[in-house]
Amino acid sequence: MAVNCTDYDFSIIEPYWQKKWLESKTFQTLHDTSIPKYYILDMFPYPSGAGLHIGHPEGYTATDILARFKKANGFNVLHPMGWDAFGLPAEQYAIKTGTHPAETTSKNVENFRRQIQRIGFAIDWDREINTTDPNYFKWTQFIFLELFKKGLAYVDEKPVWWCQNLKAVLANEEIVNGLSEVGKHPVERKNLRQVVLKITKYADRLLDGLKDVDWPDSTKRMQKAWIGKSTGAEVCFQLDGFNDNLTVFTTRPDTLYGATYMVVAPEHPILDKIVTSENKETVAAYQELSKTKSDLDRTELAKEKTGVFSGSFCINPINGAKIPVWIADYVLVTYGTGAIMSVPAHDERDFEFAKEFNLPIIQVIEKNNASHNGDGKTKLPFCSEGRMIHSGDYTGLSTKDCKSKIIAHLERKRIGKATVNFKLRDWIFSRQRYWGEPIPLVWVSKEDYHETAAANSDVAKALPLEPIKSKEGSETLYALPILPKFLPLKLPVTDSYQPSGTGESPLVNQSDWLNIWFHKITGETLPRSIEKPNSEWIEGVRESNTMPQWAGSCWYYLRYMDPHNDQEIVSKEAEKYWQNPDLYIGGAEHAVLHLLYARFWHQVLFDCGLVSTKEPFTKLFHQGIILGEDGSKMSKSVGNVVSPDDIIDESGADALRLYEMFLGPLEAMKPWNTSGIEGISRFLKRIWREFIGEDGKINSKIVPERELEENIKILHTTIQKVTEDIEGIRLNTAISQMMIFMNHIQKSRSISTETAKVFLQLLAPFAPHIAEEIWSRFGEKQSITLKAWPKFDPKILLSKEMKIMFQVNGKLRGEANVSIHISKEEVIELAKSNIGVLKFIEDKRIVKEIYVPGKIVNIVAK
RNA sequence: GCCCGGGUGGCGGAAUGGUAGACGCUGUGGACUUAAAAUCCAUUGUCCUUAGGACGUGAGGGUUCGAGUCCCUCCCCGGGCACCA
């Protein structure tokens, strides 16, 4: 049944069909695994209080078009939606107003769902997920326990942003221009206790896996750079007068003869030992200085090299040279060994430093084609490949050969070895926040831990090989897991979300929740406020940190496959059938973190046997940002934000969908233009008028007769173009083609019912409401989305004639319609007799005649 | 600084090395109307007075019968990285 308006009244048509689809579960994903599957996923949104932004429906519309298209092509489509709902804003709002974040979150989710449903997406809402739902985060916690068991979690002091005035740890986004966003207070890097995940253990696999995924090159490159693998060697330098070595990492062991001094990071532990007494003061002052340097200082003042001398020396293992050990903050303690051998002749930074402090520079490489006649001198620093000089036995070798020979030599002498280093750091997984998944760990004493671990129990089986320890003041505590069967571990209900003031989570103040009795065999827990039942219960303190927002989004694509399963994260059957998303669309801003973390978890889950695929996202596409009408980024403060609700009120959801796709290529960054939507509205109204008469019934122009030949041809061209453009995600040009079709059909005196209905099918993924409405007025009882996608007939697309352009010297001078069977000689003769062409070849000698079949004739004349 | 992506009418954009500017917006003229809206028709890169022609895809070179498209140099815009040895 259709609605009964005679005009194109989207305000009646659209809600009607949205309700109908929802009620008849039109877009319910089937459980039939005999049908080929298509899983298409959007990066799920954070349901902010501001509501949907015009950028959200861009990606969602694109996936919706693909989803509807695939459904029409016989696939069992999974196109879900959910909420990444833990996170800072709800917590900040709670601190200000006392409203529980869960309340804020559910209100925002309601609003987001309402707004998304107004756009008419083909989403199976029975599969909606929410990361803050205990039935969801139970499994987030479960996965954490798998990481724990595999020894991939540990506790360590890690630098985080700390604000002394707010007495709180801040996230990057809470810091604006080096000051806290709230109150504009100074912030500093401070080492605080953190739960960390060993993503670095997967560095090589995360790198290798990129070979197998169909992702934008730029994103692969970014991940590659982030992982930052570099191969080189570790070399031991004997410290002169000490029994210790200073080990450095270098990618250029070939330049060993050119090492003229050493540099260690200010935080390097060896300094306590090797700084000579007369240098102690200066070194200490320098260490203090670099501590207070924020990242901002480090980058902005970057090029100015600073450093101090330690007073000690190293022996270069290759030539016995005695070289000084310096301290400088251009060497990072977190990378490699925190120390380098400095080769100023062949490294830009070392060169600058050597210039600054007048240290010797020894050239050991020259350009391959360097002339020995004086003027072909190699300009220093010279950082590329070449031929070795001043390098003892290695002189004359290529840098490449020299590299492997020196490494072999060092390995033989046991003073060095080939190694690999990564830029990737372990992942700080804890947040000192309330509104996140509690980390399901309990901290107990060493004695209790060992007793627990020694038993033959479920708890003991869930432990890692090496205990996870945490230093708490003078005491070292050991981590026990909350067993999966006791999950979810929910947040305690409270009305205080204020930071603890100590840099710990607000949860440290929830003593009832925090302090527990832990049963060392069964893993059960009881609040410590009750009396200890018996000796099998041990004293425990819950981990008070919560998980970062990334946690919930690391595996949500798996949950959609089987969202109500309370036994497993996803059933084996569902996982085997759905595998992973066939297409994943989301912003390029997640190119590194989300996509890297999710890949890491997926690889761990693969190792656990919980998923069968090696990579979570085989095909990835980034939609571009939609800018404000002024060409700048949409923001509240600029006041150029466009709300989808307003557009739908004025022009309808179909117009919004079409216009967002018509704006330009999906991947491009493009400005919004409110007047541009007029063209789309006209297009929709024109469709309505062509298809629906003034009485609201199918237009009398549409007749159940054989189609006119010229209409058949444009129809098949359109089927082909739209089909291929959807497959290639070129949705803007697909819409152009549909407009061309309508412009043509409008001039035709009649249209066959068949043509009209096929066009509606092509339109349906883009503008589903109007298509469904007109479809039903044709008397169709079933949804248009259930109708098989039309096929084009290549035979119809073949013409008897073709248009050939005539050029003289590459310039267009004429054209002609010719038979497709015309010979080269005939067409060239035709060209030469063309009036336009004739004028330009008359007094000239023809040098060359080119015919590109079906396209062009070019006469070259002098 | 390094690594990417991009630069086409007044605007958004379209063009497997072969008709540059599809499609849409805007503007202009016209039809319908008492009038307006809506709709429809024509026109809309620049220059030359027109027929017709010249020029034209950030700038300059090059390859080619032919370049928006390929190569080199440079300029501008956007994104990423930021002393990673």
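Naming: A, B, ... by sequence-line order, numbering from 1 per chain.
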Colleague: Between atom CG in Asn809(A) and atom C1' in A67(B), what is the gap in whole Å?
Modeller: 16 Å

Colleague: Gly258(A) and Pro344(A): which non-hydrogen atoms are nearest, and at how many Å?
Modeller: O-CD, 4.0 Å

Colleague: Between Phe683(A) and Trp688(A), is the ring centroid distance below 6.0 Å?
Modeller: no

Colleague: Roughly how many Å is it from CZ in Phe351(A) to C1' in G1(B), rounded to a whole number?
Modeller: 16 Å

Colleague: Both distances below 3.5 Å, Watson-Crick or wobble geometry, any strand: find the nucleotide opposite U63(B).
Modeller: none

Colleague: What nucleotide among A85(B), G18(B), C65(B) has an atom nearest to a side-chain atom of Val860(A)?
Modeller: C65(B)

Colleague: Using the P atom in both, what is the distance from G6(B) to C72(B), to the nearest Å?
Modeller: 15 Å

Colleague: Determine: side-chain N/O of Arg221(A) to OP1/OP2 of G79(B), distance under 4.0 Å, yes or no.
Modeller: no

Colleague: Tell me the interatomic distance from Lys685(A), atom NZ, to C40(B), atom P, rounded to whole angstroms.
Modeller: 10 Å

Colleague: Rounded to whole angstroms, how far apart are NZ on Lys229(A) and C1' on A85(B)?
Modeller: 17 Å

Colleague: Below the 4.0 Å mark, does A67(B) have OP1 or OP2 next to a side-chain nitrogen or oxygen of Lys811(A)?
Modeller: no

Colleague: Ion pair present between Lys305(A) and Glu352(A), side-chain N to carboxylate O less than 4.0 angstrom?
Modeller: yes

Colleague: Does the cation-pi check pass for Arg813(A) over Phe806(A), that is, NZ or CZ under 6.0 Å from the six-membered ring centre and within 45° of its axis?
Modeller: no

Colleague: If I pick the P atom on U64(B) and the same atom on C71(B), what distance separates them, to the nearest angstrom?
Modeller: 16 Å

Colleague: Given that both distances must come in under 3.5 Å, which nucleotide forms a Watson-Crick or G-U wobble pair with A85(B)?
Modeller: none

Colleague: With sugar-phosphate meaning primed atoms plus P, OP1 and OP2, does Lys670(A) contact a base, only sugar-phosphate, or nothing at under 4.0 Å between heavy atoms?
Modeller: sugar-phosphate

Colleague: Mind checking Asn743(A) for me? I need base, sugar-phosphate or nothing, with any heavy atom below 4.0 Å counting as a touch.
Modeller: sugar-phosphate

Colleague: Rounded off to whole Å, could you give me the CG-to-P distance for the Asn673(A) and U26(B) pair?
Modeller: 9 Å

Colleague: Can you tell me if the side-chain N/O atoms of Arg689(A) get under 4.0 Å from OP1 or OP2 in C40(B)?
Modeller: yes

Colleague: For atom C1', what is the distance between U28(B) and G13(B), given to the nearest Å?
Modeller: 22 Å

Colleague: Would you say that Asn732(A) contacts Met661(A) through its side chain, given a criterion of any heavy-atom pair below 4.5 Å between the two side chains?
Modeller: no

Colleague: So which nucleotide does A54(B) pair with, by the Watson-Crick or G-U wobble rule with both distances under 3.5 Å?
Modeller: U46(B)

Colleague: Would you say Ser230(A) places a side-chain N or O within less than 4.0 Å of OP1 or OP2 belonging to A85(B)?
Modeller: yes

Colleague: Counting any heavy atom closer than 4.0 Å, what does Tyr659(A) reach on the DNA or RNA strands: base, sugar-phosphate only, or nothing?
Modeller: nothing

Colleague: Applying a 4.0 Å non-hydrogen cut-off, can you work out what Ile850(A) is touching in the nucleic acid: base, sugar-phosphate, or nothing?
Modeller: base

Colleague: Base, sugar-phosphate alone, or nothing: which one does Met805(A) contact when heavy atoms must sit under 4.0 Å apart?
Modeller: base

Colleague: Expressed in whole Å, how much space separates the P atoms belonging to A82(B) and G60(B)?
Modeller: 38 Å

Colleague: Lys423(A) or Ile740(A): which one's nearest nucleotide on RNA chain B is closer to the 5' end?
Modeller: Ile740(A)

Colleague: Heavy atoms under 4.0 Å, any strand shown: does Arg425(A) hit a base, just sugar-phosphate, or nothing?
Modeller: base

Colleague: Glycosidic conformation of G6(B), syn or anti, with 90° from 0 as the boundary?
Modeller: anti

Colleague: Taking only N and O in the side chain of Gln746(A), is any of them less than 4.0 Å away from OP1 or OP2 of C40(B)?
Modeller: yes

Colleague: Determine: side-chain N/O of Asn732(A) to OP1/OP2 of G12(B), distance under 4.0 Å, yes or no.
Modeller: no

Colleague: Please determine if a side-chain N or O atom of Lys839(A) lies less than 4.0 Å away from the OP1 or OP2 oxygen of G53(B).
Modeller: yes

Colleague: Between C40(B), U19(B), A85(B), which one does the side chain of Ile856(A) approach most closely?
Modeller: U19(B)

Colleague: Please give the distance between the C1' atoms of G5(B) and A54(B) as a whole number of Å.
Modeller: 35 Å

Colleague: How long is the line joining CG of Leu684(A) and C1' of G24(B), in whole Å?
Modeller: 13 Å

Colleague: Is the centre of the Trp326(A) ring less than 6.0 Å from the centre of the Phe353(A) ring?
Modeller: yes

Colleague: Counting only Watson-Crick or G-U wobble pairs whose two distances fall under 3.5 Å, which nucleotide matches G9(B)?
Modeller: none

Colleague: If the C1' atom of G7(B) is compared with that of U57(B), how far apart are they to the nearest Å?
Modeller: 9 Å

Colleague: Of the listed nucleotides (G53(B), A22(B), G24(B)), which one gets closest to any side-chain atom of Ser736(A)?
Modeller: A22(B)

Colleague: Between Ile677(A) (CD1) and G24(B) (P), how many Å, whole number?
Modeller: 16 Å

Colleague: Which nucleotide wins on minimum distance to the side chain of Asp329(A), given the candidates C83(B), G24(B), A14(B)?
Modeller: C83(B)

Colleague: Rounded to the nearest Å, what distance is computed from the CZ atom of residue Phe683(A) to the C1' atom of nucleotide U39(B)?
Modeller: 17 Å

Colleague: Reading RNA chain B from 5' onward, which residue's closest nucleotide shows up sooner: Asn421(A) or Val852(A)?
Modeller: Val852(A)

Colleague: For A37(B), take OP1 and OP2 only and decide whether either is under 4.0 Å from a side-chain N or O of Arg682(A).
Modeller: no

Colleague: Using the P atom on both, measure C77(B) against U44(B) and round to a whole Å.
Modeller: 35 Å

Colleague: If only side-chain N and O atoms count, and only distance matters, is there a donor-acceptor pair under 3.5 Å linking Ser342(A) with Asp347(A)?
Modeller: no

Colleague: Should the pair Arg599(A) and Trp215(A) be classed as cation-pi, given the thresholds of under 6.0 Å to the six-membered ring centre and 45° from the axis?
Modeller: yes

Colleague: I want to verify a distance call: between U19(B), G12(B), G79(B), whose nearest atom is closest to the Pro671(A) side chain?
Modeller: G12(B)

